[in-house]
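Have a look at the structure below before the remarks.
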Amino acid sequence: MSGRLSSTANVESQVAGIAASTVETPQQQELPFAMVNGEAMALQPQDLYIPPDALEVFLETFEGPLDLLLYLIKRQNLDILNIPIAEITRQYMVYIELMKTLRLELVAEYLVMAAMLVEIKSRMLLPRPAGVAEGEEGDPRAELVRRLQEYERYKKAALDIDTLPQMGRDVFPAQVDKPDAQVFKIAPAVTLHEVLLALKDVLARADMFSHHHIQLEPLSVRERMSNILNSISAEKFTEFTTLFTIEEGRRGVVVTLLAILELVKETLIELIQTELFGPIYVKVPGHVNELAAS
Amino acid sequence: MNSQHLKNIVEAALLAAGHPLTLEQLTALFAEGEQPAREELRSALDELRQDCGQRGIELKEVSSGYRFQAKEAFAPWVSRLWDERPTRYSRALLETLALMAYRQPITRAEIEDIRGVAVSSNIVKTLLEREWIRVVGHREVPGRPALYGTTRQFLDSFNLKTLNDLPPLAEIRNLDELSKDLFEDLPEAEFIIAGLPDVAEDATHDTVASAMTTEQHNHTP
Amino acid sequence: MNSQHLKNIVEAALLAAGHPLTLEQLTALFAEGEQPAREELRSALDELRQDCGQRGIELKEVSSGYRFQAKEAFAPWVSRLWDERPTRYSRALLETLALMAYRQPITRAEIEDIRGVAVSSNIVKTLLEREWIRVVGHREVPGRPALYGTTRQFLDSFNLKTLNDLPPLAEIRNLDELSKDLFEDLPEAEFIIAGLPDVAEDATHDTVASAMTTEQHNHTP
């Protein structure tokens, strides 16, 4: 930070030096022209030589042509609404000359402004045609003044923002360790309606392909199929009759039977009867030594 | 240095640091020549500890120094800050669940076949974790894919006594005509409507919104 | 719920959270049926704010909620906790940020137009990385340039609750006040007019024309 401050100071004095040569402010004249690497550079008024390093500092110090113009205006305590275009242009051109000698690629924007200043100056020189009412053509400076004011307010706003208390610079968030406690995972709520709407969509999509025409058995059968599958294993034979629950009545027995038949059809189970009229066993097909994963 | 001033600096530093500070570290906050004596620091810390009597935080000395922490007594409330917020389930998950309910026992490949797109392992994992589905067996084809079915927990979550209480397929295909009172007294529905503004940023918001629209559409004669 | 208890929970939660909390988030710390009313929460926050009077920290309401922070007055000491000095931002960055804050949504070309110089990509990148700005849309002109606006994070970082809390912009003075006498400050002008009125125009004509073109081009976003 101190580095930046002192380089700004360098430019101030350097700029003051230029000012001394152009506007003749006597009290500034004994200051060194610029400080470069800690050495005072003497002003050489003949060719206005500026060491390259100092010019870079200069270019970094001004945020473009509007900033430089504002500086020139402020330094002379001039009202922005009443800029002496000729004089400001002359001073501005001195800076441009300085820049041109060194870093042309950096100064394109400054040259555009120079052109604008010269244009304003030339328009002001033209005699106003008789008969044209005052203000009809507009003051040639108006656009420049508008831009300068516009830029100035945001330049000021930038400084204002920089003075706001800033997190990590002026204020720091206060924080304590979080307590050790269990973190709960909250599962989202779902309505049946959402599930059914999803199903409707998927059926509508599947219906578009004829080979996917989905026929659904009564849900009680599908449910029973799951339950039967879950209750039998590949390791042992389950007796057919144990799958039925008499308490469910005729209806329940029918559902179970349909479920078993459907499971057989889908080859999800095997029915085995080793002897005629012997007990029927139900088994998951496949190797007996395989464990059902679950 | 004024002891109140010292106390304030110590408090501000301990709370801003975010980790415990030793007496040395606290001393180092001050410029040479302005550094408080150990006893001054200790008594500032003592006072800060006492000030916490009626507050939500306390000052503790741990192995790496002093730190403020939320009092244990308030942990049940404070720890809710880290509860994982519910995110909406994706349309893919809901479709998978619906197919598992209506076509059980069913393998993932069969679901993919009907849906026309892959079913991610995450969806199956989420449904298993929620205990809405379970593996009821394996299909005896290469790879022995798991067969999924729904659980009692699934029925309970949706207020169903048996799967038979689900509307038959024919009604699903014409869901627009589905009697609205089927959903009227589902408490979860209210919860979702109330919670909707909070999930505005959620990626699945659209799905929810369109579901809402459809529902509202159903309700309007 | 006892108001002291509520206050303690709020304090502990705000300090443990590590980021600002809204009234909604504070309410969500409590189970259904135990949630405090808005006014209760507000008055707890008010009391907490007042309690900070003599302390090293303060309670501040920023854009994304309430937070405790070390008071600015203690920054000289607190900031020594970190070896790194806080970055000072360049004027170019601050001016770009100011234009994005006060004139949002705004394109880079519009910023360049007002500042009179190019805005480096690095500046925009830095601001995006800090999450102080974001792309809020695109202007529907050739090239579809990005429109930038500021974020909640920006307001939080600068201790602001809303954009309205930004320092007011300086007023623009009326151009009617422009000096009527165009030539009063031009001693040399008189000389030129007297001498070569027609030549003066010629000499600068080309430059002027091209400058005008460039400028008009700049003005088109």
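Keep in mind that this is a model prediction, so the values were computed, not measured. Every chain is numbered from 1 and lettered A, B, ... according to where its sequence line falls, protein lines coming before strand lines. Atoms considered below: every heavy atom in the structure, side chains included; atoms not considered: hydrogens, waters and symmetry mates.
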Return the [atom1] to [atom2] distance between [X] and [Y], rounded to the nearest 0.5 Å.
| X | Y | atom1 | atom2 | answer |
| --- | --- | --- | --- | --- |
| A:Leu192 | B:Asn159 | CG | CG | 9.0 Å |
| B:His138 | A:Leu229 | NE2 | CG | 10.0 Å |
| A:Gln175 | B:His19 | CD | NE2 | 10.5 Å |
| A:Asp177 | B:Ile57 | CG | CD1 | 11.5 Å |
| A:Arg224 | B:Thr162 | CZ | OG1 | 9.5 Å |
| B:Leu166 | A:Ser220 | CG | OG | 11.0 Å |

Quick one: which of A:Val171, A:Asn227, A:Val195 has the most heavy-atom pairs under 4.5 Å with chain B, could you say?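 Of the candidates given, the most pairs with chain B belong to A:Val195.
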Which bit of [X] is near chain A, if near means a heavy-atom gap under 4.5 Å: side chain, backbone, both or neither?
| X | result |
| --- | --- |
| B:Gln104 | both |
| B:Leu163 | both |
| B:Leu155 | side chain |
| B:Ala101 | backbone |
| B:Arg80 | neither |
| B:Glu129 | side chain |
| B:Arg115 | both |

Determine the option with the most heavy-atom pairs under 4.5 angstrom with chain A, choosing from B:Ala98, B:Pro105, B:Gly149. B:Pro105
Looking at B:Leu97, B:Leu160, B:Thr150, B:Leu147, which one has more heavy-atom pairs under 4.5 Å with chain A than the rest?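 That would be B:Leu147.
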Side chain, backbone, both or neither: which part of A:Ile228 has an atom under 4.5 Å from a heavy atom of chain B?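 Contact with chain B: none, neither part.
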How close do B:Arg139 and A:Glu266 get, counting heavy atoms only, and between which atoms? NH1-O, 3.0 Å
A:Phe172 to B:Ala16 - nearest heavy-atom pair and separation: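 Smallest interatomic distance, heavy atoms only, reads CB-CB, 3.7 Å.
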Take atom CD of A:Gln273 as the centre, draw a 6.0 Å sphere, and report whether it contains more than 12 heavy atoms from other residues, nucleotides or ligands.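 Atom CD in A:Gln273 is packed in, count exceeds 12.
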Is A:Glu239 atom CD crowded by more than 12 heavy atoms from other residues, nucleotides or ligands, each under 6.0 Å away?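 More than 12 heavy atoms, drawn from other residues, nucleotides or ligands, come within 6.0 Å of this atom.
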Are any non-hydrogen side-chain atoms of A:Asp201 and B:Glu95 less than 4.5 angstrom apart? yes
B:Trp132/A:Val190 under side-chain contact (heavy atoms from CB on, under 4.5 Å): CA gap, chis, key distance, verdict: CA-CA 12 Å; B:Trp132 278 348; A:Val190 180; 3.9 Å; yes
